[in-house]
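Below: the structure, in structure tokens.
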Amino acid sequence: MARSGRTGQRGSRRSPKRLVLGVFIFAFAALIIAQSAPQIRGAFDPVRTSVGDRLGSGERISLWSRISGQAAKDRRIHELEAEVRDLSRYKAAAISMAERLESYEELLNLMGEPPPRGVTARITSESEGPFAQTLLANAGRAQGVEPGSVAMNEGGLVGRVIQLGEHSSRILMVTDFNSRVPVIGEVSGVHAILHGGNTNSGTLTDMPERSDFVEGERILTSSEGGAFPRGLIVGEVRKASGDWRVKYAMSEGSAGYVQLIPPPVIPEPLPAPDVPAGDETSPAASPTQGARQ
Amino acid sequence: MAGTFDFRRKQGPWSKSGPTIRLILGSTLIAAVGLFGLTRNDIFGLSFAWPHAALWGAVGWGRVGLSIRPMLVLIVFGVMQDVIFHAPFGCFEVVNLLTYAGSTAIASQFDVMSEPLIAITSSVLLFAGAFLLLWLMASTLEDHAVRILPLIAAMLTTGLLYALIHRAFDLGRRPGETPGQAA
């Protein structure tokens, strides 16, 4: 069974290949440790994005498809599918906002603005690995995707773009352990933070002490922090073993496409004009007097 | 696994092929499985774990001893896996190379070619070790204990499929044989 004798012979003439293997393993282990520094890890981002671009934009039209006319039909089908997805998103948004809109209209006579149009992209890669839960979509900077764009599918919020290439975007899913989304209950109006957990449901934390969600109500993004626009559907809330958990709405939409919506832009506050300090000779008080300097 | 060399003696096209052809075919198989794994892994609404195909090469190619070319191929696959799984660079390379090193170490100590029990046990141990290492690295680098169930599912898929297609990762040599001797 055991290969006795052979080992002794080999031990005496150690192969340089063993040294090479050792060097490789040591080098890659050192590389992993070196990447604990964000600056070094960031240095590899261009490599990731360029490889992601190649993986992401994999939709090549073959010569035979061009000759047979199949490519044009496929393109048309893709266009129509994209249109259907757009329309279903508007339908979901309309249902979500209908009640609130009515009361707004009555109170303020104000019409809400339609959600901004984004870029629809196909998911080219889903990694179910032990590391970050991410998706790779086949649209990037060239298609108008912006850094930090919000990814939605037919069901609801999918995640946020964390890495942007020319033709691909890496989306950190809301299911990821490190994902944190500020949310609000649609009916209760309770604010909370949604934690991902690599499962089908996320946990709600940081709620006000004397407030509670309504079982089964929809959970929407609250726009706090400015990373997500307000009112995107995240899921439905359920109480499970004392915790409020959100069943993600995105799992209901599984056509393999996402819409990448530009992130909300919060304008920086304008600096207050300089006020001459201690100018006692000034005849009248300036309108900006008392403003922060 | 034990009958690998009996299989060779049948003198089919596969048995006549040399290590280079076998390495290329094995790599192609790994790449094809890996690329399919990028797409959605569900059929009729049932999602299933996708195998870590590079480990097939690490276990299978290691059984004939150390060689530079399989190491380089495993490094290339490791880089691709790092990008796909959004892992820090080096993680999958280390896992693949350590599995390869483990496979060669076992092959140098035991007769994995003609002892089925050792062949099966060593493969199971190597896959289990690889996924344990992956879990440890992911948990350490992600700052939290990552879910173990998907990894176990992926390990089972990897191991079961390897049992079916392990011959594709046999380089056609006995441990210690040089390429010239094998031909």
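Within every chain, numbering begins at 1; the chains are lettered A, B, ... in the order of the sequence lines, protein sequences first and strands thereafter. Source: prediction; values computed, not measured. Just the heavy atoms: all of them, side chains too, but no hydrogens, waters or symmetry mates, feed the values below.
Here B:His86 contributes atom NE2 and A:Phe131 contributes atom CZ; the two are 11.0 Å apart, rounded to the nearest 0.5 Å. One finds the CG atom of B:Leu98 at 4.0 Å from the CD1 atom of A:Ile25 (value rounded to the nearest 0.5 Å). Taken from CG in A:Leu21 to OG in B:Ser67, the straight-line distance is 11.0 Å, to the nearest 0.5 Å. Going from atom CD of A:Gln35 over to atom CG of B:Leu141 covers 8.5 Å, rounded to the nearest 0.5 Å. Atom CD of residue A:Gln133 and atom CZ of residue B:Arg147 lie 8.0 Å apart, to the nearest 0.5 angstrom.
Crowding of A:Lys73 atom NZ: a count of heavy atoms from other residues, nucleotides or ligands under 6.0 Å not exceeding 12.
Between A:Phe24 and B:Leu72 the shortest side-chain heavy-atom distance falls below 4.5 Å. Side-chain contact between A:Arg170 and B:Val83: present, with at least one pair of heavy atoms (C-beta onward) separated by less than 4.5 Å.
No part of B:Leu74 comes within reach of chain A, as not one of its non-hydrogen atoms sits under 4.5 angstrom from that chain. Contacts of B:Leu151 with chain A are made by side-chain atoms alone, with heavy-atom separations under 4.5 Å and no backbone atom involved. Within the 4.5 angstrom heavy-atom criterion, only side-chain atoms of B:Ile75, from C-beta onward, approach chain A. For chain B, no part of A:Leu135 is nearby; none of its heavy atoms comes within less than 4.5 Å. Only the side chain of B:Phe92 comes within less than 4.5 Å of a heavy atom in chain A; its backbone stays farther off.
Using bins of under 30°, 30° to 60° and over 60° for the plane-to-plane angle, the ring pair A:Phe44/B:Phe89 lands in the tilted bin.
Applying the salt bridge (charged side-chain N to carboxylate O under 4.0 Å, His left out) criterion to A:Arg180, with sequence neighbours excluded, gives no partner residue.
Of all heavy-atom pairs between B:Glu142 and A:Asn178, the closest is OE1-ND2, 3.9 Å.
Of all the listed residues (B:Val79, B:Leu97, B:Asp143, B:Leu149), the one sharing the greatest number of non-hydrogen pairs under 4.5 Å with chain A is B:Leu97.
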